[in-house]
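Note on naming: letters A, B, ... go to the chains in the order of the sequence lines (proteins, then strands), and numbering restarts at 1 for each one.
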Amino acid sequence: DTGVSQNPRHKITKRGQNVTFRCDPISEHNRLYWYRQTLGQGPEFLTYFQNEAQLEKSRLLSDRFSAERPKGSFSTLEIQRTEQGDSAMYLCASSPIRRGDRDEQFFGPGTRLTVL
Amino acid sequence: AQKVTQAQTEISVVEKEDVTLDCVYETRDTTYYLFWYKQPPSGELVFLIRRNSFDEQNEISGRYSWNFQKSTSSFNFTITASQVVDSAVYFCALRINAGNMLTFGGGTRLMVKP
């Protein structure tokens with residue numbers, strides 16, 4: 001499978017616990033994005049990496065959220081001290097560097113987080 | 001700031017009917033890109049189309065067609081002869097040329113009944 005993969009697919013945690021999600025982009029895609037999608041809404045941008053550099057962060061990304069992309073390959077998104085409002089689907093996407101029209105973002109299946 | 005509005009939250013049609021999903025966008029940028037994604041029940045967003053702001057030519061791909069009109073800031077999506085497999089949530093999205101993030105609309109849930 002050469003698509004974007006995310007693990008775990010589902011995570012249930014208790015309020016106050018820390019959780020970490022992993023995203024493996026399509027190989028050779030140097031751009032990686034994280035989005036959050038709550039029930040009945042469209043995805044909302046969280047953060048963006050070009051290779052290992054985190055170049056853009058949304059104001060939605062509070063201090064409890066941190067994302068990394070060591071070596072410019074896979075990425076992790078950690079949420080510390082989870083709150084019930086963090087319950088959502090966390091989507092990862094990747095895209096190649098822009099060459100003409102070929103820069104659409106390809107999405108993974110998402111990690112659904114439920115905070116009890 | 002950018003904004004995408006999909007006023008239709010839910011549409012229900014009977015198989016073989018044609019259906020149009022509306023998308024209206026707002027941006028101050030003159031160069032931007034518009035997208036449609038499909039999200040089936042499995043949850044994974046599937047890319048359907050990308051248009052840039054300089055190309056207002058309508059596009060047809062099989063049963064799918066897109067009508068881009070800058071004068072009304074709209075990028076509507078029509079499915080001809082709908083099928084049950086078209087049932088999904090459809091999202092319209094916008095990216096400005098200087099940015100990297102996609103701004104999504106709230107989505108339209110399409111239900112195609114046999």
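A 6.0 Å sphere centred on CZ of A:R64 holds more than 12 heavy atoms belonging to other residues, nucleotides or ligands. More than 12 heavy atoms of other residues, nucleotides or ligands sit less than 6.0 Å from atom CG of A:L60. Annotation: B:K38, atom NZ; neighbour count of heavy atoms from other residues, nucleotides and ligands within 6.0 Å is above 12. At most 12 heavy atoms of other shown residues, nucleotides or ligands fall within 6.0 angstrom of atom CG in A:L39. Open room surrounds CD on A:E68; 12 or fewer heavy atoms of other groups in view lie less than 6.0 Å from it. Atom NZ of B:K70 sits in a crowded spot, with more than 12 heavy atoms from other residues, nucleotides or ligands closer than 6.0 Å.
Between B:E44 and A:G108 the shortest heavy-atom distance is CG-O, 3.7 Å.
Cluster membership check: B:Y90 shares its hydrophobic cluster with B:F75, using side-chain heavy-atom separations under 4.5 Å among Ile, Leu, Val, Met, Phe, Trp and Tyr. Hydrophobic clustering (side-chain heavy atoms under 4.5 Å, transitive across Ile, Leu, Val, Met, Phe, Trp, Tyr) keeps A:W34 apart from A:I26.
Residues A:F107 and B:Y37 bring their aromatic ring centres within 6.0 Å.
With A:Q105 contributing its side chain and B:N100 its backbone, the two residues share a donor-acceptor pair below 3.5 Å. Using modelled atom types, one side-chain atom of A:Y35 and one backbone atom of B:L102 make a donor-acceptor pair closer than 3.5 Å.
Using a 4.5 Å cut-off between heavy atoms, B:Q39 touches chain A through its side chain atoms alone. In this structure, chain B has a heavy atom under 4.5 Å from the side chain of A:L91, while its backbone stays farther away. Looking at B:T103, neither its backbone nor its side chain comes within 4.5 Å of chain A, counting heavy atoms on both sides. When heavy atoms are compared at a cutoff of 4.5 Å, A:Q41 approaches chain B solely by way of its backbone atoms N, CA, C and O. Only the side chain of A:Q37 comes within less than 4.5 Å of a heavy atom in chain B; its backbone stays farther off.
Put simply, CE on B:M101 and CG on A:L46 are 10.0 Å apart, with the number rounded to the nearest 0.5 Å. Between the CE atom of A:M89 and the CG atom of B:L45 there is a distance of 9.0 Å, given to the nearest 0.5 Å.
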For the pair B:F104 and A:E44, evaluate side chain to side chain contact (heavy atoms under 4.5 Å, CB included) and give the outcome as yes or no after the intermediate values.
CA-CA 7 Å; B:F104 284 86; A:E44 295 174 294; over 6 Å; no

